[in-house]
Amino acid sequence: MLCVMNAQNDLTTGPIIRKLLVFFIPIAAGSILQQLYNAVDAFVVSRYVGTAALAAVGGSAARIMEFLIGFCIALSNGAAVVIAQRFGAKDYDEVRKSIHTSYLFCGILGLALSVIVFIFTNPLLKLLKTPEDTFADSIIYLRIVFSGALFTLIYNMGASALRSLGNSRFPFLCLAFTCVLNSALDILFVAVFRLGVNGAAWATVISQGLSAVLVTWALIKTDESIRLSIKELRINNDILSRMMKIGVPAGLQSAMYSISNIILQIGINLLGTVVVASWSMSGKVDGLFWVVSNAFSAAVCTFVGQNYGANQLDRIRVCVKKGFLVFLGMTIFMCIGILALARPILGIFTTNPAVVETTRYIIFFFVPTYVLWIVIDMLSGVMRGLGDTLIPTIITGITICGFRILWVVTVYHFYPTLFVICLCYPVSWLLGDIGIFIHYKKTPLLKEQQYNHG
């Protein structure tokens with residue numbers, strides 16, 4: 001029997017930073033593996049299909065996926081906070097109900113998402129002013145990938161549930177296996193069978209399908225008190241309401257990030273296929289930072305959730321102070337590595353000199369500014385763990401989404417250059433830092449326990 005309930009899974013006792021890092025490392029390792037297989041996607045598509053195909057997979061299609069999948073995952077991950085808090089409070093009956101409610105909810109959401117994307121793919125791509133030479137491939141790629149939306153949401157829900165219970169190791173092993181599978185299928189479908197972007201899309205769907213099966217099996221085989229049972233799948237309205245109270249603002253926050261990126265993608269699309277491909281490629285090269293940053297934020301969220309449920313507020317305060325220093329050190333180390341390795345890595349992915357030079361420009365602009373992002377990611381993880389997502393969502397809406405839209409219709413409208421598009425990001429991060437830090441310092445949740453164990 002796969003057991004998730006042991007002393008190592010309980011983040012409410014023991015050395016704070018060691019516990020946090022032991023929990024964080026498998027999440028980060030899994031995220032890095034996922035980034036590597038995304039990089040394999042880019043490599044195979046670029047090498048065996050071409051620059052236009054790379055732009056199709058990584059341009060407008062990627063922004064639409066980021067928006068829709070990101071919103072749904074953030075929405076459903078309200079469950080992860082509820083599960084972590086109830087697990088910290090040792091209320092295993094509520095944990096079990098939460099798991100069943102979230103699984104059924106994600107299943108319904110995934111099926112609905114597949115239908116919506118199939119119907120609206122064409123108008124969505126036109127809205128983003130997708131370049132003509134990437135339009136047909138973008139339609140095919142999106143429709144195939146979203147046919148497996150159910151698998152994507154079930155995997156993320158199952159992995160989040162396991163992590164909320166303190167088990168970050170199994171999701172990592174699951175992801176490691178499916179990453180290898182995805183890479184192998186990419187090479188088989190695209191390089192050998194010459195299926196183009198269709199092959200890359202089907203490789204993703206098959207891999208996500210297996211991921212969903214594996215995490216579901218893990219929860220079915222875990223301890224009886226919190227075990228998933230297919231026969232018991234039903235929605236508990238009270239738990240769903242609590243999940244939505246956390247998940248809806250989190251989903252809106254994710255959506256606002258994505259909307260701002262979609263609007264910026266329109267500006268990027270107007271700069272031509274080379275810039276679109278370069279923008280996509282830069283994400284493959286510096287993606288290590290983003291996945292590690294997201295993994296650390298997820299680890300902090302679970303740590304805070306469990307300790308908040310257990311009334312261990314002092315452990316949360318120490319986690320924030322010491323955790324930030326660890327996060328800062330990792331960020332500086334990664335940024336130095338990315339800048340040092342950027343050129344040789346780009347040479348692996350593409351032989352187009354224009355794409356190489358444009359991507360290198362983007363990377364060298366962005367990477368030194370990533371220290372600005374960690375305040376937002378760290379404190380957002382803390383707020384989610386506390387169940388406080390509404391005010392951070394409003395802050396995000398104003399400082400990130402609102403500011404970027406304003407930037408595009410004003411500054412970029414008069415100075416439509418790649419530099420102006422790039423500059424928008426660090427300025428918005430700085431504004432977000434200020435807003436989230438002020439809110440964190442004023443939050444009453446860490447001054448006086450507000451959580452109801454009933």
Side-chain angles (χ1 to χ4, degrees), residues 1-11 19 22-34 37 69 72-73 76-88 90-107 109-110 148-182 204-234 239 243 291 294-295 298-299 301-303 305-306:
M1 180 181 292
L2 177 70
C3 181
V4 300
M5 292 174 63
N6 56 50
Q8 289 187 341
N9 300 327
D10 187 353
L11 303 177
K19 282 265 186 172
V22 168
F23 182 69
F24 154 74
I25 288 171
I27 301 177
S31 299
I32 291 169
L33 279 175
Q34 193 165 30
Y37 91 63
I69 295 294
C72 291
I73 289 174
S76 61
N77 278 357
V81 176
V82 173
I83 292 170
Q85 290 180 347
R86 303 318 294 176
F87 186 73
K90 306 296 188 291
D91 187 348
Y92 301 129
D93 182 58
E94 285 288 289
V95 170
R96 185 184 175 105
K97 291 178 181 177
S98 299
I99 291 173
H100 285 85
T101 295
S102 60
Y103 248 72
L104 183 55
F105 176 73
C106 281
L109 196 61
L150 169 67
F151 303 140
T152 302
L153 295 189
I154 288 294
Y155 165 73
N156 280 280
M157 184 61 253
S160 294
L162 287 169
R163 294 184 191 119
S164 296
L165 300 173
N167 183 351
S168 58
R169 184 170 177 269
F170 186 84
F172 161 68
L173 295 175
C174 171
L175 196 55
F177 178 73
T178 53
C179 281
V180 172
L181 175 64
N182 186 86
T204 298
V205 171
I206 293 170
S207 300
Q208 286 290 336
L210 183 57
S211 296
V213 170
L214 289 174
V215 296
T216 301
W217 173 83
L219 285 168
I220 289 174
K221 294 296 182 179
T222 194
D223 296 273
E224 186 174 357
S225 59
I226 55 174
R227 182 180 302 163
L228 174 68
S229 171
I230 303 301
K231 294 180 180 179
E232 295 179 27
L233 286 175
R234 60 181 58 86
I239 291 175
M243 291 178 180
V291 297
N294 290 337
C301 178
T302 299
F303 184 94
Q306 283 198 16

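From a predicted model like this one, the values you see are computed outputs, not experimental measurements. Numbering starts at 1 and runs along the sequence shown.
With sequence neighbours excluded, the residues forming a side chain to side chain donor-acceptor pair (under 3.5 Å) with Ser211 are Thr178, listed by chain and number. In this structure, Tyr155 has no ring pair (Phe, Tyr, Trp, His ring centres under 6.0 Å) partners at least two apart in sequence or on a different chain. Leu228 meets the side chain to side chain contact (heavy atoms under 4.5 Å, CB included) test with Ile99, His100, Tyr103, Thr216, Leu219, Ile220, Leu233; sequence neighbours excluded.
In plain terms, the two heavy atoms of Ser164 and Ile83 that are nearest each other are CB-CG2, 3.7 Å. Considering all non-hydrogen atoms of both residues, Leu162 and Ala218 come closest at CD1-CB, 4.0 Å. The nearest pair of heavy atoms linking Ser98 to Met243 is O-CE, 3.1 Å. Taking all atoms of both residues into account, the shortest heavy-atom contact from Gly107 to Ile154 is N-CD1, 4.1 Å. Nearest approach of Ala295 to Ile27, heavy atoms of both residues: CB-CG2, 3.5 Å. When all heavy atoms of Phe170 and Val215 are compared, the closest pair comes out as CE2-CA, 4.2 Å.
Taking CG of Leu165 as the reference point, atom CD1 of Ile226 lies at 4.5 Å (rounded to 0.5 Å). With rounding to the nearest 0.5 angstrom, the CZ atom of Phe105 is 14.0 Å from the CD1 atom of Ile239. Summarising the geometry, atom CG belonging to Leu214 is positioned 7.0 Å from atom CZ belonging to Phe177; distances are rounded to the nearest 0.5 Å. Separation of atoms CD (Gln85) and CG (Asp91) is listed at 11.5 Å; rounding is to 0.5 Å. Rounded to the nearest 0.5 angstrom, Met157 CE and Leu153 CG are separated by 10.5 Å. Note that CZ of Phe151 is 10.0 Å distant from CD1 of Ile206, once rounded to the nearest 0.5 Å.
In terms of modelled atom types and a separation under 3.5 Å, the side chain of Ser168 and the main chain of Phe24 share no donor-acceptor contact. At distances below 3.5 Å, at least one donor-acceptor pair connects side-chain atoms of Gln306 with backbone N or O atoms of Leu11. In terms of modelled atom types and a separation under 3.5 Å, the side chain of Arg227 and the main chain of Thr222 share a donor-acceptor contact.
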Chi angles and distances behind the side chain to side chain contact (heavy atoms under 4.5 Å, CB included) call for Arg96, Glu232 = CA-CA 10 Å; Arg96 185 184 175 105; Glu232 295 179 27; 2.8 Å; yes
